[in-house]
Amino acid sequence: MSTLGIIALLTLLYWLYVTVDVLKGLPNLRTLPKSPLTPFSDKPPLVSVIIAAKEEESTIRETVKHLLSQNYPRLEIIAVNDRSRDATGVRLEELRKWSEGKQDIRTKLQIIHITHLPDGWLGKNHALYQGYLQARGQYLLFTDADILFAPGTITDAVTYMKEQDVHHLTLTPNMFARGVLLKGFVHFFLFSFSLFVRPWRANIDNAKGTGIGIGAFNMVSRSAYEAIGMHKAIALRPDDDLQLGIFLKRAGFRQRVLSAKHLLQVEWYRSLKDAVIGLEKNLFSGFRYSYIVALLACLGQIGFFICPWLGLLFLWDWRGAVYAVAVILQIWLYRKLVSRLMSLRGDSAYLLPVSASLLVYTMIRSVWLTWKQGGIYWRGTFYSLRELKRSKR
């Protein structure tokens with residue numbers, strides 16, 4: 001048997017294994033249930049929503065307004081303006097004054113303005129930690145400055161956490177994108193990321209080391225958050241949302257990841273260029289700043305996601321048939337996961353090889369730029385590779 005034939009068979013075996021794993025795991029990946037209209041028989045716990053915002057003047061207003069419209073009875077919102085050079089701080093102060101003048105809005109909006117970033121901290125992580133220091137809630141909700149919340153989101157989340165005795169709840173939002181290429185790339189990234197982290201495994205209580213956290217919605221009990229060392233434990237991690245979930249799961253806290261495609265919405269990036277640039281800061285971090293791991297990840301993308309399509313097109317023998325089966329499984333899994341996580345039919349499946357190629361380019365660019373610069377630039381601040389590597393330990 002030729003080398004190419006062996007590779008084709010190994011590729012098919014990989015997709016068969018992934019298909020079986022997904023079929024077993026999908027029943028564990030459910031949608032956040034809707035709570036009753038009067039879910040709390042006693043005094044509901046106070047929830048502190050903490051938002052870090054840096055140069056978010058175009059989105060922060062809508063995010064905070066949606067949070068102010070929540071029907072949860074005990075809520076405080078802490079918005080942290082992290083050294084923004086645009087009008088983010090002004091927008092937040094306008095929202096505070098506006099909310100104080102509305103009799104139907106009882107939620108307290110507190111604003112923290114940060115002007116200095118201490119050494120040893122990534123800006124967002126420091127901002128979230130400063131928000132925690134001012135928070136009084138039994139539950140802490142860490143979220144991003146561009147998320148749109150349905151009115152009952154926090155009520156449904158708290159009800160679920162109390163009923164299921166969950167310490168950490170993270171929710172997947174509906175991610176919409178403008179343009180065909182951007183939509184295909186965003187959805188493929190979610191698909192590839194899901195196959196890598198297997199989010200359904202986080203819902204298995206005895207499966208330690210398989211935690212997950214999503215920046216759109218990370219709700220954690222104060223006691224669990226403090227037990228893992230808070231954001232100080234992940235002070236220099238660009239993938240802070242994911243690491244928060246991993247730390248909590250490793251510490252033995254009960255974790256759940258659910259779909260909130262009907263409750264949360266986010267426009268992740270506004271253009272394909274923004275998506276590539278935005279991923280530069282954390283893709284290499286996801287490989288633990290290891291060049292070997294990054295190389296293996298790139299080869300995996302090429303071998304398992306791109307080569308089957310090339311084999312289908314150019315190999316007119318049994319090897320092409322093997323690759324064709326691999327492509328069919330890839331498309332089916334893509335549509336299945338995208339539908340489960342984001343209520344989409346996966347119509348951009350025909351762009352899978354193009355999107356995979358774009359992701360490989362982004363991965364290579366992330367590693368190369370980090371090496372060339374000796375670190376990463378994020379939101380105007382430079383973080384050296386030396387201290388980033390030190391933080392992973």
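Throughout, residue positions are numbered sequentially from 1 according to the sequence presented.
Around NZ of K336, the count of heavy atoms belonging to other residues, nucleotides or ligands within 6.0 Å does not exceed 12. Counting non-hydrogen atoms of neighbouring residues, nucleotides and ligands closer than 6.0 angstrom, the CD1 atom of I292 reaches no more than 12 such neighbours. Atom OH of Y361 has 12 or fewer neighbouring heavy atoms from other residues, nucleotides or ligands inside a 6.0 Å radius.
A donor-acceptor pair is defined here as one N or O able to donate and one able to accept, closer than 3.5 Å; no such pair exists between the side chain of N174 and the backbone of Q265. A donor-acceptor pair is defined here as one N or O able to donate and one able to accept, closer than 3.5 Å; no such pair exists between the side chain of S348 and the backbone of L351. Counting only distance, with no hydrogens or angles, the side chain of S69 and the backbone of P151 share no donor-acceptor pair below 3.5 Å. Proximity of a side-chain donor or acceptor of K261 to a complementary backbone N or O of R340 within less than 3.5 Å is detected.
The residues D165 and R254 are annotated as not salt-bridged, no charged nitrogen and carboxylate oxygen being separated by less than 4.0 angstrom. Using a 4.0 Å cut-off between charged side-chain N and carboxylate O, D144 and K124 make a salt bridge. We find that D86 and K54 are not joined by a salt bridge, their nearest charged nitrogen and carboxylate oxygen being 4.0 Å or further apart. For R198 and D21, the salt-bridge test passes: some basic side-chain N is under 4.0 Å from an acidic carboxylate O. Contact check on R61 versus E94 returns a salt bridge, with a Lys/Arg side-chain nitrogen under 4.0 Å from an Asp/Glu carboxylate oxygen. For E100 and R96, the salt-bridge test passes: some basic side-chain N is under 4.0 Å from an acidic carboxylate O.
L148 and L263 end up in different hydrophobic clusters when Ile, Leu, Val, Met, Phe, Trp and Tyr side chains are linked at under 4.5 Å. A single hydrophobic cluster is not seen to contain both L299 and L13; linkage of ILVMFWY side chains at heavy-atom distances under 4.5 Å, directly or through other members, places them apart. The cluster map of Ile, Leu, Val, Met, Phe, Trp and Tyr, joined by side-chain heavy atoms under 4.5 Å apart, puts L169 and L46 in different clusters. V197 and Y17 end up in the same hydrophobic cluster when Ile, Leu, Val, Met, Phe, Trp and Tyr side chains are linked at under 4.5 Å. Hydrophobic clustering of Ile, Leu, Val, Met, Phe, Trp and Tyr side chains at less than 4.5 Å, counting indirect connections, unites W15 with F193.
In summary, the aromatic rings of Y334 and F188 are positioned with their centroids too far apart to meet the 6.0 Å limit. A ring-centre distance under 6.0 Å is not found for H66 and F149. A centroid separation of less than 6.0 Å is found between the aromatic rings of F284 and Y291.
Identified under the ring pair (Phe, Tyr, Trp, His ring centres under 6.0 Å) test for residues 224-246, with sequence neighbours left out: Y132-Y225, F142-Y225, F142-H231, Y225-H231. Among residues at least two apart or in separate chains, salt bridge (charged side-chain N to carboxylate O under 4.0 Å, His left out) pairs with a member in residues 215-230 are R222-E226. Sorted by first and then second residue, the side-chain hydrogen bond (donor to acceptor under 3.5 Å, both in side chains) pairs involving residues 365-376 (not counting sequence neighbours) are E280-R365.
Between L190 atom CG and T172 atom OG1 the span is 7.5 Å, to the nearest 0.5 Å. I306 CD1 to T11 OG1: the interatomic distance, rounded to the nearest 0.5 Å, is 12.0 Å. Residue L109 holds its CG atom at 8.0 Å from CD1 of I51, rounded to the nearest 0.5 Å. Within the model, atoms CD1 of I302 and OG of S357 stand 8.0 Å from one another, a figure rounded to the nearest 0.5 Å. Here the CD-NE2 distance, from Q255 to H167, works out to 11.5 Å after rounding to the nearest 0.5 Å. Rounding to the nearest 0.5 Å gives a distance of 11.5 Å between CG of L369 and CD1 of I364.
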Report task. Dump the intermediate steps for side chain to side chain contact (heavy atoms under 4.5 Å, CB included) on L236 and W121, then the final yes or no. Result -> CA-CA 5 Å; L236 277 169; W121 281 94; 5.7 Å; no
Query raised in the report: Which is it for V49 and E76 under the side chain to side chain contact (heavy atoms under 4.5 Å, CB included) test, yes or no, and what are the steps along the way?
Result: CA-CA 6 Å; V49 183; E76 65 175 8; over 6 Å; no
**Report entry** Steps toward side chain to side chain contact (heavy atoms under 4.5 Å, CB included) verdict (Q70, T107)
**Finding:** CA-CA 9 Å; Q70 291 293 296; T107 303; over 6 Å; no
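Heavy-atom minimum distance, G211 versus I246: O-CG1, 3.5 Å. Minimum heavy-atom separation, E55 to R85: OE2-N, 2.5 Å. S35 approaches D156 most closely through the heavy-atom pair OG-OD1, 2.8 Å. Of all the heavy atoms in P44 and R74, the pair that sits closest is O-NH1, 2.9 Å. For the pair F217 and A157, the tightest heavy-atom approach, listed with the atom from each and the gap, is CZ-CB, 3.6 Å. Of all the heavy atoms in L283 and L359, the pair that sits closest is CD1-CD1, 4.4 Å.
Here D239 pairs with R237, Q243, S285 under the side chain to side chain donor-acceptor pair (under 3.5 Å) rule; sequence neighbours left out.
The closest side-chain donor-acceptor pair between S84 and N81 falls under 3.5 angstrom. Side-chain contact annotation: S271 with R178, donor-acceptor N/O pair under 3.5 Å absent. Of the N and O atoms on the side chains of N218 and H168, at least one donor lies less than 3.5 Å from an acceptor on the other residue. With no hydrogens or angles considered, no side-chain donor-acceptor pair links S221 and Q138 at under 3.5 Å.
Apart from Y377 itself, the hydrophobic cluster it occupies contains F382, where clustering links Ile, Leu, Val, Met, Phe, Trp and Tyr at side-chain heavy-atom distances under 4.5 Å.
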Do any side-chain atoms of residues 314-323 form donor-acceptor pairs under 3.5 angstrom with protein atoms, and if so which ones, sequence neighbours left out?
unit_1	atom_1	unit_2	atom_2	d
W316	NE1	L313	O	3.3
D317	OD1	R319	N	3.0
D317	OD1	R319	NE	3.4
D317	OD1	G320	N	3.4
D317	OD2	R319	NE	3.0
D317	OD2	R319	NH2	2.7

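Taking the side chain as every heavy atom from C-beta outward, F253 and V220 never approach each other to under 4.5 Å.
In this structure, K24 is not positioned above the aromatic face of W200 in the sense of NZ or CZ being under 6.0 Å from the six-membered ring centre and within 45° of the axis.
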